[in-house]
Protein chains: 2
Amino acid sequence: MNTEKELLDYIRNGGERFLPHVSIDCAVFGFHDNELKILLLKSKFLEDWALPGGHILRSEPLDVAAQRILNERTGLNDIFLKQFQSFGDPNRVSADNMNYLKEVLKVPLATDHWLLDRTISIGYYALVEFSRVNPILDYFTARYQWWDVHDLPSLVFDHALMVEKALQTVRLQLNYQPVGYNLLPEKFTMPELQKLYETMLEKPLDRRNFQKRMLGLGILERLEERKKVGPHKSPYYYRFNRKKYQEALSAGLSFGF
Amino acid sequence: MNTEKELLDYIRNGGERFLPHVSIDCAVFGFHDNELKILLLKSKFLEDWALPGGHILRSEPLDVAAQRILNERTGLNDIFLKQFQSFGDPNRVSADNMNYLKEVLKVPLATDHWLLDRTISIGYYALVEFSRVNPILDYFTARYQWWDVHDLPSLVFDHALMVEKALQTVRLQLNYQPVGYNLLPEKFTMPELQKLYETMLEKPLDRRNFQKRMLGLGILERLEERKKVGPHKSPYYYRFNRKKYQEALSAGLSFGF
DNA sequence: AGCTAATGTGTATCAGATACACAATAATTT
DNA sequence: AAATTATTGTGTATCTGATACACATTAGCT
């Protein structure tokens with residue numbers, strides 16, 4: 001949807017290519033500056049911020065649709081994505097919220113218009129490496145911004161609820177989901193990994209016990225290289241051993257949190 | 001849908017009252033004879049067995065719809081129900097699978113018929129007390145039957161996948177969901193509670209340690225009464241202290257499994 | 001060269017989980 | 001009525017994993 005023409009076509013005829021009554025919204029998490037962040041977009045036509053989302057093609061599987069939607073908006077492939085909940089409050093999208101469509105079209109919409117009917121949204125959460133995301137603007141989107149999950153702007157529809165539930169889900173799954181693997185870059189230091197878990201759990205952890213536990217899982221490799229990061233001893237870089245990580249996960253790994 | 005007339009009306013005009021493209025299916029779990037069971041129905045018009053399910057009224061919240069659907073079929077109210085996953089494979093319901101509609105209507109269906117279009121199903125699982133379920137037959141349903149989850153018949157559409165995912169979810173949530181509370185009757189013995197957990201976890205547990213752990217949670221009350229159950233010592237009845245249970249759950253209770 | 005702030009590492013202790021045994025008892029059999 | 005059988009009620013010793021905790025090391029700064 002890079003031009004007004006494409007957007008108009010989407011609004012007018014999207015119901016033929018896309019499945020009506022259902023959509024997908026994605027809570028994209030990243031980790032930066034010791035904060036858990038979420039990627040939100042600001043539409044040209046709405047006051048509030050929104051999760052990136054979209055519709056499902058008529059013959060497209062759900063997970064594929066979620067990947068495609070995020071790929072179109074961030075350029076990322078093979079994103080770690082998990083369905084977490086579907087949202088279907090009959091008033092989750094009010095007619096008022098959809099007024100922007102009139103602005104774009106400049107003509108009234110039929111009351112049975114495919115975008116005005118009740119829509120159930122399937123929530124996905126994504127864990128991405130902060131620095132790899134290069135948001136792609138389209139005709140609908142004014143800008144993207146990462147927001148600290150503790151300090152969010154006003155959100156459209158029920159997207160605040162979605163963020164809350166996505167966060168709950170990620171926190172509950174912290175024990176057996178590869179959170180560190182997906183949120184951190186290839187190389188990272190032990191203090192960085194610890195900060196991530198401290199942020200997620202919202203509590204401080206003992207440095208020595210944390211390291212013992214992580215190394216005890218047998219999924220980390222210490223590199224020769226150290227990160228030069230200030231007037232003090234330099235921490236080693238670590239990386240996940242992909243193979244051992246996969247094995248541990250399928251064997252029922254628990255991080256112990 | 002107690003008469004052919006109602007069923008025909010549902011097929012022909014249901015799209016006006018119900019939201020198309022979305023449905024709900026419920027995996028109803030019960031516990032009996034030391035087996036985890038699931039409630040399936042056999043339609044008059046299909047060879048395979050199916051999960052009880054239905055459509056969502058145009059302005060009905062999802063959880064309300066799930067309760068209503070189960071209430072219509074089991075007579076139960078206030079069922080413990082949790083959404084666990086949405087299923088949206090584009091081929092999850094093939095055209096062949098819907099042939100039965102022609103049989104009922106005795107006329108061909110329009111290719112854009114609301115029941116023939118792709119439908120995404122929202123999966124719920126329910127935990128119910130086995131003996132309280134009195135399945136209600138309607139014009140569509142030939143009979144209901146409880147099935148051991150380890151020994152299921154052939155299922156329609158993607159319902160086998162739904163059962164598998166529902167089971168996975170219940171097992172993962174065993175630690176912080178009131179499984180015993182919902183699957184067992186008001187009064188139960190410690191051996192019965194233990195059997196339930198052993199069945200869920202698929203492994204034997206030490207009798208003494210199990211009892212210590214359960215009583216240690218502070219949510220059980222021992223009654224004076226004992227269950228007379230054979231040529232040996234009679235076990236005490238226990239029941240959950242509803243208030244303490246709620247408190248413990250919201251305080252982040254973990255059963256330790 | 002000395003200072004500062006963070007990292008690398010090991011041990012002692014505690015709590016919770018596990019392993020384990022014997023006395024009590026309800027119904028049945030003798 | 002006594003003995004038998006199968007199951008329940010209960011307590012302790014041990015082990016494992018989690019937690020608490022301290023000192024030596026070092027990169028960059030002054």
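In what follows, chains carry the letters A, B, and so on, assigned in the order in which the sequence lines appear, proteins first and then strands, with residues in each chain numbered from 1.
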Quiz prompt | A:Leu220 CG - C:dG8 P separation (whole Å) | solution = 13 Å

Quiz item: Restricting to pairs with a member in residues 29-39 of chain A, which pass side-chain hydrogen bond (donor to acceptor under 3.5 Å, both in side chains), not counting sequence neighbours?
Solution: A:Glu35-A:Lys37

Quiz item: To the nearest 0.5 Å, what is the distance between CD (B:Gln67) and CG (B:Leu62)?
Solution: 12.5 Å

Quiz item: What one-letter contact string describes nucleotides 15-25 of chain D from 5' to 3', where B marks a base within less than 4.0 Å of any protein heavy atom, S marks contact via sugar-phosphate atoms alone, and - marks no contact?
Solution: ----BBBB--B

Quiz prompt | Contact nearer the 5' end of DNA chain C, comparing B:Ser234 with A:Leu215 | solution = A:Leu215

Dump every N/O contact between nucleotides 1-5 of chain D and the protein below 3.5 Å, one line per pair.
residue, atom, partner, partner atom, Å
D:dT5, O2, B:Pro231, O, 3.1

Self-check item: For B:Pro178, all residues meeting side-chain contact (heavy atoms from CB on, under 4.5 Å), sequence neighbours excluded
Solution: B:Phe80, B:Tyr181, B:Asn182, B:Tyr245, B:Leu249

Quiz item: Roughly how many Å is it from OH in B:Tyr238 to C1' in D:dT10, rounded to a whole number?
Solution: 10 Å

Quiz item: Pick the nucleotide of DNA chain D nearest each of A:Arg226 and B:Gln211; which residue has the one closer to the 5' end?
Solution: B:Gln211

Self-check item: Distance, rounded to the nearest Å, where B:Phe210 contributes CZ and C:dG16 contributes C1'
Solution: 17 Å

Quiz prompt | Euclidean distance, atom NZ of residue A:Lys228 to atom C1' of C:dT7 [Å, nearest integer] | solution = 14 Å

Quiz item: In whole angstrom, what separates B:Asn175's CG from C:dG16's C1'?
Solution: 15 Å

Quiz item: Centroid-to-centroid, B:Phe31 to B:Tyr197, below 6.0 Å?
Solution: no

Quiz prompt | Residues, nucleotides or ligands: over 12 heavy atoms within 6.0 Å of A:Lys244 NZ | solution = no

Quiz item: Taking the inter-plane angle between the rings of A:His159 and A:Phe157 on a 0 to 90° scale, is it parallel (under 30°), tilted (30 to 60°) or perpendicular (over 60°)?
Solution: perpendicular

Quiz item: In whole angstroms, how far is the P atom of D:dT7 from the OH atom of B:Tyr236?
Solution: 19 Å

Please list, one pair per line, the donor and acceptor atoms closer than 3.5 Å that link side chains of residues 216-226 of chain A to other protein atoms, with sequence neighbours excluded.
residue, atom, partner, partner atom, Å
A:Glu221, OE1, A:Arg239, NE, 3.0
A:Glu221, OE2, A:Asn241, ND2, 2.8
A:Glu225, OE1, A:Lys187, NZ, 2.8
A:Glu225, OE2, A:Lys187, NZ, 3.3
A:Arg226, NH1, A:Ser234, O, 2.7
A:Arg226, NH2, A:Tyr236, OH, 2.7

Quiz prompt | Selection: residues 187-199 of chain A, any non-hydrogen atom under 4.0 Å of DNA chain C | solution = A:Pro191

Practice problem: Round to a whole Å and report the spacing from NZ of A:Lys227 to C1' of C:dA6. | Solution: 13 Å

Quiz prompt | Minimal non-hydrogen separation, B:Met200 against B:Leu183, with atom names | solution = CE-CD1, 3.4 Å

Quiz prompt | Shortest non-hydrogen separation from B:Leu76 to B:Val133 and the atoms involved | solution = CD1-CG2, 3.6 Å

Quiz item: Can you tell me if B:Gln85 uses its side chain to pair, donor with acceptor, with the backbone of B:Gly123 under 3.5 Å?
Solution: no

Quiz item: About how many Å separate CG of B:Asn134 and CG of B:Leu137, when rounded to the nearest 0.5 Å?
Solution: 11.0 Å

